[in-house]
Amino acid sequence: MYRTGMAQPGKAAVEALFGPGKIGPVVTDNRFVRAGTSEGMVDHRNLANADLARLLGQLAGLGVGLIITGHMFVERRGQYDGDQTAIDTDEAIGPLAAVVAAVHRHGGKIFAQLSHAGSQSVVVGNRPIAPSAVPNVMTGREVPAATSVEIEGIVEAFGAAARRAVAAGFDGVHLHGANGYLISQFCSPLTNQREDRWGGSPERRDSFVIEVTRRVRAELPPTHALSVKLGFIDVMEGGLGFDESIPRARLVRAEGADALEVSLNVMSSYADNIVPYVAVSSRRAVTDLLPHRLLRPPAAEAYYRPIARALRPAVQVPLVLGGGIRSVATMADVITSGDADFVALARPFIREPGLVRRIEHGLRDTVDCTSCNLCIMHSGHHPLQCWRIPRSQLARHALFRITGGFRGGIGSGLKPTTPDAKP
């Protein structure tokens, strides 16, 4: 097993993971969060299907305290890829209500994650918008700058999506304001080069996320929570930094955010955010058939923890920390240290839906997930699943890859490309 350098957590530290958590009016049974993860479980209209209800219901039944859905698009121009879940019309309410019912049947809590991809959309033929006509660093896609009327329409689209989430029975809404999607683009000086009320200074770059937060909050009754995933730093030089993002987080909190999840803002690759081979020793790499890992050192755990530590003294609000948390010792230390209030896991729950129960029953080392990112690679092609278990899945993955299944760069896990991207 890979060790973090920490001793195995004591009983009291592990018990802290199983204490109740609170986000606004919503109380969770423990501090485990299923981080938002694209599921690809939709019908031909992008409406949630029975597989999504089964998946999220299973996680609730196996003890995950709070489930955040994969990001759902609030309008068609903001659709990220072909099998993303829709929440852009009232037609989506019924299918999503079935998903919520499956979670509530087991006593779990679930938030609807709302998103707009902006220029990061990889949907063929889709003509999205962005704050400024800057080629997307991830896709190379050139998208026209939005007009003020279009921006106001998107703010309304977020509000309408929040209303649908309430109608479907969700316990709260989680805004996706990170990882290069539209809210991120408005927050970054690299992608927002406007000179109107929506950009041109840090204060005006605040405007879009503030207006969306305010509009969504207005649609939520007092019984419902609002959490926001914020990007705090851009990967590229000259981009967003703490001097701008931490004051912005205070404003988001003041507009009604009950919790914040910390993450990157504009990125150059998905691998910046979904780091491969976290906490995987050489021995584990051999056991799990990961020769690529042997060519590099294991990635460090909890790579967003420095962001949480920078934010913690500035904003008095519950913090959700994800980003490569792989050992029980680190999970417990995140909570007992006060660096964050919730531990968010994405890839580990794909391989081990019953991970919370394993920890409850004595697991004290690392999770089984090796962060190989095959699950991410297949996004847009297959429903969410682990491609390392059973072993026959690896052969299926290899066949799909060598026969050209990863069309147009979508699902590479690195830089998505679109047919209309500039060379």
Side-chain angles (χ1 to χ4, degrees), residues 1-2 32-42 48-64 67-71 81 83-85 99 102-103 270-271 273-281 283-293 298-299 301 322-328 331 343-359 361 363 365-403 405-406 410-414:
M1 287 290 186
Y2 175 87
F32 292 97
V33 175
R34 184 266 191 173
T37 311
S38 296
E39 303 97 356
M41 297 176 179
V42 294
N49 65 20
D51 289 337
L52 183 58
R54 279 191 291 270
L55 172 69
L56 301 188
Q58 178 191 41
L59 289 171
L62 290 170
V64 179
I67 293 166
I68 297 175
T69 69
H71 62 160
D81 67 8
D83 62 3
Q84 186 183 9
T85 308
V99 174
V103 171
Y270 283 131
N273 176 52
I274 310 169
V275 176
Y277 309 131
V278 177
V280 177
S281 67
R283 182 176 180 180
R284 179 71 187 282
V286 171
T287 302
D288 221 41
L289 305 180
L290 288 166
H292 292 87
R293 156 60 191 88
E301 285 194 88
I325 299 173
R326 295 294 180 267
S327 69
V328 178
M331 296 176 199
V343 172
L345 305 170
R347 291 168 289 178
F349 282 135
I350 300 170
R351 181 157 179 167
E352 294 184 89
L355 178 59
V356 172
R357 293 286 182 245
R358 283 192 67 206
I359 296 170
H361 296 150
L363 176 68
D365 289 303
T366 57
V367 303
D368 285 350
C369 177
T370 54
S371 309
C372 70
N373 285 352
L374 295 189
C375 54
I376 308 304
M377 191 177 292
H378 285 265
S379 179
H381 302 282
H382 297 99
L384 186 67
Q385 58 193 291
C386 180
W387 289 81
R388 305 205 77 81
I389 54 168
R391 290 294 193 207
S392 59
Q393 284 283 80
L394 285 173
R396 184 175 167 226
H397 159 73
L399 180 64
F400 186 76
R401 186 169 190 169
I402 64 176
T403 56
F406 294 116
I410 298 172
S412 68
L414 299 173

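Keep in mind it's a predicted model, so treat the numbers as computed, not measured. We use all heavy atoms of the structure for the numbers below, so side chains are in, but hydrogens, waters and symmetry mates are not.
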Kindly state each residue pair satisfying salt bridge (Lys or Arg N to Asp or Glu O under 4.0 Å) with at least one member in residues 55-64, sequence neighbours excluded. none
Would you list the atom pairs, donor with acceptor, under 3.5 Å between side chains in residues 50-62 and any protein atom, with sequence neighbours excluded?
| unit_1 | atom_1 | unit_2 | atom_2 | d |
| --- | --- | --- | --- | --- |
| D51 | OD1 | R54 | NH2 | 2.2 |

The side chain to side chain donor-acceptor pair (under 3.5 Å) partners of E39 (sequence neighbours excluded) come to R34
Going by the rule side chain to side chain donor-acceptor pair (under 3.5 Å), which residues pair with S38 if we only count those two or more places apart in sequence or in a different chain? H71
First locate atom NE2 of H381, then atom CG of D81, and finally report the distance between them rounded to the nearest 0.5 Å. 8.5 Å
Side chain to side chain contact (heavy atoms under 4.5 Å, CB included) evaluation trace for L290 with V280: CA-CA 9 Å; L290 288 166; V280 177; 4.3 Å; yes
I need the minimum non-hydrogen distance between R284 and T366, along with the two atoms involved. NH1-OG1, 4.3 Å
Return a table of donor-acceptor pairs under 3.5 angstrom between the side chains of residues 343-357 and protein atoms on other chains or two or more places apart.
| unit_1 | atom_1 | unit_2 | atom_2 | d |
| --- | --- | --- | --- | --- |
| R347 | NH1 | V275 | O | 2.7 |
| R347 | NH1 | N373 | OD1 | 2.7 |
| R347 | NH2 | V275 | O | 3.3 |
| R347 | NH2 | Y303 | OH | 3.2 |
| R351 | NH1 | D288 | OD2 | 3.0 |
| R351 | NH2 | D288 | OD1 | 3.3 |
| E352 | OE1 | R358 | NH1 | 2.3 |
| E352 | OE2 | D368 | N | 2.7 |
| R357 | NH1 | E360 | OE1 | 3.0 |

Please list, chain by chain and in numerical order, all residues satisfying side chain to side chain contact (heavy atoms under 4.5 Å, CB included) with V286, sequence neighbours excluded. L294
Is it true that atom CZ of R401 has more than 12 heavy atoms of other residues, nucleotides or ligands lying nearer than 6.0 Å? no
Have R326 and S371 got a donor and an acceptor in their side chains that come within less than 3.5 Å? yes
Can you measure from SG (C372) to CG (L289) and round to the nearest 0.5 angstrom? 10.5 Å
Relative to each other, are the rings of F406 and H397 parallel, tilted or perpendicular (30° and 60° limits)? tilted
Residues which pass ring-ring contact (aromatic ring centres under 6.0 Å, His included) with H382, listed by chain and number, not counting sequence neighbours: H378, W387, F400
dist L363:CG -> D365:CG (nearest 0.5 Å) comes out at 6.5 Å
Which distance, rounded to the nearest 0.5 Å, do you find between the OG of S281 and the CZ of R293? 7.0 Å
Sequence neighbours left out, what passes side chain to side chain contact (heavy atoms under 4.5 Å, CB included) with P390? Give chain and number order. S392, Q393
Holding to side chain to side chain donor-acceptor pair (under 3.5 Å), I want the full list of residues that pass it with T37, two or more places apart in sequence or in another chain. none
